[in-house]
Participant: 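Input: one structure, supplied below.
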Amino acid sequence: MLKGVTIGQFFPGDSLIHRLDPRTKLLATIALIAIVFVSQGFAGFLLIAAFVLACCASTGIHLKFLFRGLKPILFIVLFTFALNLFFQSGTTVLLQLGPVKITAEGLRMASFMAVRLILLVVSSQLLTLTTSPIALTDGLESLFRPLEVVKFPAHEIAMMMSIALRFIPTLMDEADKIMKAQKARGADFETGNLLQRAKAMVPLLVPLFVGAFRRAEELALAMDARCYRGGAGRTRMHQLRFKGIDALAALAVLALLAAVIALNAFHVW
Amino acid sequence: MSNPIIEAHNVCFQYEDAAAPAVKDVSLTVEAGEFVAILGRNGSGKSTFAKLLNALLLPTGGTLRVNGLEARTEDDCYEVRRSCGMVFQNPDNQIVATIVEEDCAFGLENLGTPPEEIRRRVDEALLDVGMAEQAGASPSMLSGGQKQRVAVAGVLAMRPRIIVFDESTAMLDPVGRRDVFELARRLNREEGITIVWITHFMEEAALADRLLVMDRGRVALAGAPREVFAQVDRIMKLGLDVPEMMKLAARLRRAGVKLPEGIMTVDEMAVELCRLK
Ligand SMILES: Nc1ncnc2c1ncn2[C@@H]1O[C@H](COP(=O)(O)OP(=O)(O)OP(=O)(O)O)[C@@H](O)[C@H]1O
Ligand SMILES: [Mg+2]
């Protein structure tokens, strides 16, 4: 039942975007999110959407995966849409049903907000689709390194993230084993109401946690045995290096920003 | 001729909250290039002794020199850990990274080795343990035996002079167990790395140059495996087993069959039995 759970949604590949430095992709994603907020109209959104779709197409990843991430926020999108549609004040009434009226301004605002939300999710999706979790961790560590002067634990956080990534499959396997063992003893995880099912999880979670703590202890010992002493003085086998394509990517994102600002200035839509 | 790499003089260790010491007055010398096996029942102090060798624990009494160094300062501890690598029992709980070669690089990264040098040594080490093809794989896709080989590669990359295996084959299937044991023997033979092999398997211990049996924190028996296993009754009293063939030989001898001492394997037994009549 827990088999085949993948962490993140990384699609290995060899496209231009795959080969970008993870730091570039992180910064570009932040920039993209900012550009979504900068855009004042639908023309800008259209441009951004075209940009993201083109990027995705160039990676060879099916476009449908871009929209996968929308599922959990679909409710929020619909909710904001409805809220804006009914409560945005406006003058041009399109439809009136008793006290409820829909105005043109409301419709525009509602669509604007919904599209903005969708674009935010879709454009950050590109990052996780094309970057392995471990590259992401390395990128984050490297980006936050400068903050270590103000005691920000960049190395420690990155180490924690990568150890978590390393142990997720192991703990999944273990949970699976415990579940089977409990089922063989007549435990029932699937029927009953929410409370009953939550209760049924206790005999699963207790051994899982005990096991996890034992693992943590042994891992700490194994790390000590291999001379681990925190981030200071540590080198990495894989050095992150900015290349020509990273500059190219930065230029593309800057061009997008310029175009969106121009569209704003000319009040297109 | 004598070139001791581990020198222990009355080494004691007591855990803080323990009533009795876990290691008591252990004195022994291991020569460079030796393959030493340690046997002992559960709780006899084998793992504690292993951690002392690796400076994960520091003796509470006596002196312990590993590779000519006594771990006094923190820097000495790291040097001891580099020169005396350790492979643990559970293959899952000693792999740190999500990619085989990254894990292999972990020790060298901690030592601050330059990236190109790490790359070179990691490739060498993975080749040495026969895991070069899986360099880019995720450890969770590997078998137990393969994971242990990755752990060995991670230690090897640091160029240690000693490797301590603490029941590293206990959780493996027979194939993985033989793989890892043979790997340790080859590293010992071909690269002259001193091996301390802690185990519960008599058959593995029988193949060591020297065998130590620990009991309640002390070294109860020591010597060549043949000599040690010949003392069947004492071994049994220490809560251990002897190789099946030694047991059989002892019973046959008691029944009046004249067999020489020191039969350990099925082959040896077959040869001796055919010689009878
Ligand atoms: N962290 C600890 N704190 C307190 N006592 C400990 C600790 N670890 C081990 N001991 C005790 O020290 C003694 C020796 O333990 P050790 O783990 O060295 O035995 P071992 O020979 O490796 O056993 P096994 O065959 O089970 O691995 C035992 O009595 C054990 O209970
Ligand atoms: Mg032990």
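We name chains A, B, ... by the order of the sequence lines, and we start the count at 1 in each one.
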Participant: Considering all heavy atoms of both residues, which atom of B/Asn93 and which atom of A/Ala222 are nearest to each other, and what is their separation?
Facilitator: O-CB, 4.1 Å
Participant: Just checking heavy atoms, which of residues 149-159 of chain B are less than 4.5 Å from chain A?
Facilitator: B/Gly154, B/Met158
Participant: With a 4.5 Å cut-off on heavy-atom pairs, point out which of A/Gln239, A/Arg214, A/Arg229, A/His238 contacts chain B the most.
Facilitator: A/Arg229
Participant: Nearest 0.5 angstrom please: B/Glu117 CD to A/Thr235 OG1, how far?
Facilitator: 10.5 Å
Participant: Heavy atoms only: give me the nearest A/Met237-B/Glu101 pair and the separation to one decimal.
Facilitator: CE-O, 3.6 Å
Participant: To the closest 0.5 Å, what do you measure between CG (A/Asp224) and CE (B/Met86)?
Facilitator: 11.0 Å
Participant: Could you look at A/Thr170 and say if it's the side chain, the backbone, both or neither that has a heavy atom under 4.5 Å from chain B?
Facilitator: side chain
Participant: Where does B/Phe88 contact chain A at under 4.5 Å (heavy atoms): side chain, backbone, both or neither?
Facilitator: side chain
Participant: What's the shortest heavy-atom distance between B/Thr98 and A/Ser162, and which atoms?
Facilitator: CG2-O, 3.9 Å
Participant: So, does A/Arg166 use its side chain to make a donor-acceptor pair with the main chain of B/Ile95 at under 3.5 Å?
Facilitator: yes
Participant: Check for a donor-acceptor pair, side chain of B/Asn110 on one end and backbone N or O of A/Arg226 on the other, with a separation under 3.5 Å.
Facilitator: yes
Participant: Please round to the nearest 0.5 Å and tell me the distance separating atom CZ of A/Arg236 and atom CG of B/Leu108.
Facilitator: 12.5 Å
Participant: Within the structure provided, determine whether A/Glu218 and B/Asn90 are in side-chain contact (heavy-atom separation under 4.5 Å).
Facilitator: yes
Participant: Rounded to the nearest 0.5 Å, what separation is found between the SG atom of A/Cys227 and the CZ atom of B/Arg81?
Facilitator: 7.0 Å
Participant: Could you go through the side-chain contact (heavy atoms from CB on, under 4.5 Å) check for A/Glu174 and B/Asp92 one step at a time?
Facilitator: CA-CA 11 Å; A/Glu174 188 153 292; B/Asp92 273 322; over 6 Å; no
